[in-house]
Undergrad: 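First, the structure itself, so that you have it in front of you.
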Amino acid sequence: MADFDLLIGPIGCLVTCHQNGPRTGASLKELPVIADGAVGVKGRTISYVGPWSDVKEATASRRLDASGRTVMPGFVDSHTHIPFMGDRANELVLRLKGATYMEIGKAGGGILSTMRAVRAASPGELLASGRAHARRLLSHGVTTFEAKSGYGLSLESELKQLEAIKAMAGEGSQRVAATCLSAHFVPPEFKGSPDGYVDLICGEILPGVARKKLARFCDVFCEDGAFTLEQSRRILTSGKALGLLPRIHADEIEDTGGASLAAEVGAVSADHLLAASEEGIEKMAAAGVCATLLPATAFYLRKPYAKARAFIEAGCPVAIASDCNPGSSYTANALMVLTLAVFGMGMMPEEAVWAMTLNAAYALRMDEEVGSIAVGKAADLCIWNVPSYLHLFYPFAENPLNAVFVGGRKVEA
Ligand code: NIG
Ligand code: FE
């Protein structure tokens, strides 16, 4: 029997991103790199990481020479709104003419426009669309992503979205973490009585989702015009009691105290945070809440970026993600998100790489399985046609992806 099923080496630049638990503070500036390294895979897991010289004589069923190339963990996109349907290109024009994101939403466009398209779609159509978007992520090196409901906004349609996510997860070409975001917007049936919808979420949707084990996380869009702080607290607490881990769309447009609420309820992550207060940032750091920053959303909504440096200095684990959705951030391009994290939010390339690998895996509580290249972890990795990770930033708006492996298996990207 061969020593390895797959042996990648020699590797010009091997970025392992490995340590136990998330990377925080000043240590984010250093990235563990092995020059002239190798990765060995047995079955679905990594069984060797180290110098090429130690394994070059080993036997392997399959060998790949990656000299002059970079090998990194597959990217983890810890915040997307896949699966969705429909087209909101008209909103782009409205926004470019000066309408705000929330104005469009309040006028029945925005999230409700996608809700109508999702409600009208058959389960098969929704799954096909979800798959297509997942594939776009894969073609940019994303091997694990978070997927959410939140465009159904009724028991039946939220379950339809979560079933589509379950089907995508079962296909094995990427790993998928499921979140129930039934508290994304108040649907038209409850216009004028939003608390009635909160009752439905806490009384029926979340219990149904938990019973069917369709989600690991419960999320809320806590924002003026979506859900209030009190409603968000109630929803996240109800979800938690059902075993759904809390996460929160916090302080995206205004500071409504979402960051502090994340700390109070022990959220695994608070996301967006463009308008988070200093107090909120301190509380998140003290409670160990991951700050998931979404620079493509700030870019696309033409808003000031989240204060990445303040979150890093406060000691929060920082992740970055795409927020891939048809309204506020229509991209699946992980490298574009990394570029914006660096050029827009002032992160260093090393910090950005940690934020989209190990720290994003931590934000999904999957860091023991994915997010770094280490013995015993899933063999989810990408080979890039660049001599070092820095060259993923130096030429920009390019996609030098060479190959993607998930569980040791090469997947078509
Ligand atoms: O994360 N802010 C709320 N939800 C999404 C946008 C969803 C949409 O516009 O369809 C976000 O930005
Ligand atoms: Fe989002």
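Remember, it's 1-based here, ligands and their atoms both numbered in the order they're listed. Values in this document were obtained by computation on a predicted structure and should not be read as measured data.
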Undergrad: Quick one: are the ring centres of His81 and His249 less than 6.0 Å apart?
TA: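 Under 6.0 Å, so yes.
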Undergrad: Within a distance under 4.0 Å of any heavy atom of Ile111, pick out the atoms of ligand 1 and give their elements.
TA: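 Listed by number with element, the hits are 7 (C), 8 (C), 9 (O), 10 (O).
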Undergrad: Under 4.0 Å from a heavy atom of His272: give me the atoms of ligand 1 that qualify, with their elements.
TA: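 So the atoms of ligand 1 that pass are 1 (O), 11 (C), 12 (O).
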Undergrad: Residue-level breakdown please: for Tyr101 versus ligand 1, do any non-hydrogen atoms fall below 4.0 Å on the side chain, on the backbone, on both, or on neither?
TA: side chain
Undergrad: Can you name the atoms of ligand 1, numbered from 1 with element, that are less than 4.0 Å from a heavy atom of Gly327?
TA: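 Going through ligand 1 atom by atom, the ones under 4.0 Å from Gly327 are 9 (O).
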Undergrad: Compare all side-chain heavy atoms of Asp271 with those of Glu252 and state whether any distance is below 4.5 angstrom.
TA: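 Asp271 vs Glu252: side chains apart.
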Undergrad: Atoms of ligand 1 less than 4.0 Å from His81 heavy atoms?
TA: 1 (O), 4 (N), 5 (C), 11 (C)
Undergrad: Does any N or O in the side chain of Gln161 come within less than 3.5 Å of the main-chain N or O of Tyr151, such that one atom is a donor and the other an acceptor?
TA: yes
Undergrad: Give the atom numbers and elements of ligand 1 that come within less than 4.0 Å of a heavy atom of Tyr151.
TA: 7 (C), 8 (C), 10 (O)
Undergrad: Tell me which part of His79 gets within contact of ligand 1: side chain, backbone, both or neither, using heavy atoms under 4.0 Å.
TA: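 The side chain, only.
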Undergrad: Number the atoms of ligand 1 from 1 as they appear, then name those within less than 4.0 Å of a heavy atom of His184, with their elements.
TA: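 In order of numbering, the contacting atoms are 3 (C), 4 (N), 5 (C), 7 (C).
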Undergrad: Within 45 degrees of the ring normal and closer than 6.0 Å to the centroid, is that where the cationic atom of Arg95 sits relative to Tyr300?
TA: yes
Undergrad: Could you label the plane-to-plane angle of the Phe190 and Tyr197 rings as parallel, tilted or perpendicular, counting under 30° as parallel and over 60° as perpendicular?
TA: tilted
Undergrad: Let me check your reading of the structure: within less than 2.8 Å of the Fe ion (ligand 2), is there an N/O/S atom from Asp323?
TA: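 Within the cut-off used here (under 2.8 Å), Asp323 does place an N, O or S atom near the Fe ion (ligand 2).
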Undergrad: Ile8 and side-chain contact (heavy atoms from CB on, under 4.5 Å): which single residue from Leu381, Leu14, Val41, Asp65 fits?
TA: Leu381
Undergrad: Where does the angle between the aromatic ring planes of Phe84 and Tyr330 fall among parallel (under 30°), tilted (30 to 60°) and perpendicular (over 60°)?
TA: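 Phe84 and Tyr330: perpendicular rings.
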Undergrad: If you take the nearest heavy atom of each of Glu223, Glu252, Met102, which one is closest to atom 2 (N) of ligand 1?
TA: Glu252
Undergrad: Hey, is the Fe ion (ligand 2) within less than 2.8 Å of some N/O/S atom on His249?
TA: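 Of the N, O and S atoms in His249, at least one lies under 2.8 Å from the Fe ion (ligand 2), which means yes.
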